[in-house]
Amino acid sequence: MCGRFAMSVSELEILQEFGIEGEIPDFQPRFNIAPGQKVLTIIHDGNTKRIGYLKWGLVPSWAKDTKIGYKIINARSESAHEKPSFKKLLASKRCLILADSFYEWKKQESSKQPKRIYLKNRKVFAFAGLWDKWQLDDQQLFTCTILTRKANNFMGKIHERMPVILPKEKQDDWITPIKREPSYMHDFIENLQIEELDAYNVSDIVNSAKNDCKECIEPLLN
DNA sequence: CCAGACGTTGTT
DNA sequence: GTCTGG
DNA sequence: CCAGACGTTGTT
DNA sequence: GTCTGG
């Protein structure tokens with residue numbers, strides 16, 4: 001699963017890495033992003049690639065209220081193409097969710113050790129995400145969820161599952177403004193090459209989402 | 001047909 | 001135990 | 001994901 | 001909105 005991550009690189013690095021023009025409103029590096037918070041994302045609206053924020057935790061357009069969002073922070077990529085809640089989003093509401101690392105808590109006998117996982121090349125990357133727009137009267141809400149898959153060999157040492165990370169050369173493909181068959185997107189994900197990952201232990205200061213500070217991403221000594 | 005769920009992870 | 005907040 | 005709250009009525 | 005269960 002993926003329930004916490006970081007996006008601590010500079011604005012300039014993001015603009016360059018994802019080929020975006022202009023600037024990012026309210027930009028700030030984040031060290032401890034939790035469900036329910038805004039996350040930096042890129043979509044293609046048919047004309048241009050747009051960078052902006054979505055709230056993490058999917059609230060489908062049909063939801064009667066927004067409470068469901070707290071639960072749908074991930075979507076299983078193995079079955080998303082046949083689930084009523086995700087099928088249509090997979091066809092036409094795909095987004096990049098920007099990150100430079102994510103956290104997993106490895107279970108020990110009686111405790112949990114938080115770990116920071118990042119690309120071996122240490123670059124900023126993109127999770128494969130789905131988004132939706134929810135509306136009721138004059139309220140509207142744009143939300144997203146992170147697709148997951150079975151852990152690869154490396155991640156398996158830490159956790160059963162892992163987020164879907166898009167290799168750089170597949171990012172534009174993922175957000176192409178063309179409607180795709182859900183099963184096509186399922187195969188697309190299944191055939192992705194999983195990036196080389198690395199990990200280190202971090203302080204349990206990261207446990208509390210109130211601590212959005214640099215110490216969260218620093219290697220734990222001893 | 002209508003009613004009711006629609007999700008994930010981890011744990012039991 | 002379950003829900004909310006971060 | 002984890003942490004922390006979770007309730008009412010009446011009185012101050 | 002769309003799918004499943006009855």
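Just the heavy atoms: all of them, side chains too, but no hydrogens, waters or symmetry mates, feed the values below. Below, read A as the first sequence line, B as the second, and so on, with proteins coming before strands; counting in each chain starts at 1. All values derive from a computational prediction rather than experimental measurement.
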> Are A:Y118 and A:Y200 close enough that their ring centres sit under 6.0 Å apart?
Replying inline: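 Here the rings of A:Y200 and A:Y118 have centres that are less than 6.0 Å from each other.
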What is the distance, to the nearest angstrom, from the [atom1] atom on [X] to the [atom2] atom on [N]?
X	N	atom1	atom2	value
A:K83	B:dT8	NZ	C1'	9 Å
A:K87	E:dC3	NZ	P	5 Å
A:K88	E:dC3	NZ	P	9 Å
A:L89	E:dG1	CG	C1'	11 Å
A:H159	B:dG10	NE2	P	3 Å
A:I72	B:dA5	CD1	P	14 Å
A:E160	D:dC1	CD	C1'	17 Å
A:D132	E:dT2	CG	P	12 Å

Checking all strands, does [X] fall into the base, sugar-phosphate, or nothing category for heavy-atom contacts under 4.0 angstrom?
X	answer
A:T145	nothing
A:A63	nothing
A:W62	base

>> Is any side-chain heavy atom of A:L96 closer than 4.5 Å to one of A:W174?
In response: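 Yes, side chains in contact.
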>> Between A:D100 and A:R116 (salt bridge meaning N to carboxylate O under 4.0 Å), is one present in this structure?
In response: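 The answer is yes: the pair qualifies as a salt bridge.
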> Any salt bridge between A:K88 and A:D132, counting N to O under 4.0 Å?
Replying inline: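 No.
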Taking atom [atom1] in both [N] and [M], compute the distance separating them and give it to the nearest angstrom.
N	M	atom1	result
C:dG1	D:dT11	P	38 Å
C:dT4	D:dT8	P	14 Å
B:dT9	C:dT2	C1'	16 Å
D:dC1	B:dT12	P	14 Å
B:dC6	D:dC6	P	29 Å

> Is there a Watson-Crick or G-U wobble partner for C:dG5 with both distances under 3.5 Å, and if so, which one is it?
Replying inline: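 Base-paired to D:dC2.
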>> Which nucleotide, if any, forms a Watson-Crick or G-U wobble pair with B:dT8, using both distances under 3.5 Å?
In response: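 Paired with B:dT8, as far as the under-3.5 Å criterion goes, is no nucleotide at all.
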> Just wondering, do A:Y103 and D:dC1 stack (centres under 5.5 Å, planes under 30°)?
Replying inline: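 A:Y103 ring does not meet the centre or angle cut-off for D:dC1; no stack.
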Does [X] put a side-chain nitrogen or oxygen below 4.0 Å from OP1 or OP2 of [N]?
X	N	value
A:T148	B:dT9	yes
A:R4	D:dC2	no
A:K210	D:dA3	no

> Is the A:Y103 ring parallel, tilted or perpendicular to the A:W105 ring (thresholds 30°, 60°)?
Replying inline: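 The rings of A:Y103 and A:W105 sit tilted, inter-plane angle from 30° to 60°.
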From the set [options], return the single nucleotide nearest to any side-chain atom of [X].
X	options	value
A:I73	B:dT9, D:dA3, D:dC1	D:dC1
A:P35	C:dG6, D:dC2, D:dA3	C:dG6
A:A34	B:dT8, C:dG6, B:dC6	C:dG6

>> Holding to salt bridge (charged side-chain N to carboxylate O under 4.0 Å, His left out), I want the full list of residues that pass it with A:R161, two or more places apart in sequence or in another chain.
In response: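 With neighbours one apart ignored, the set is A:E78.
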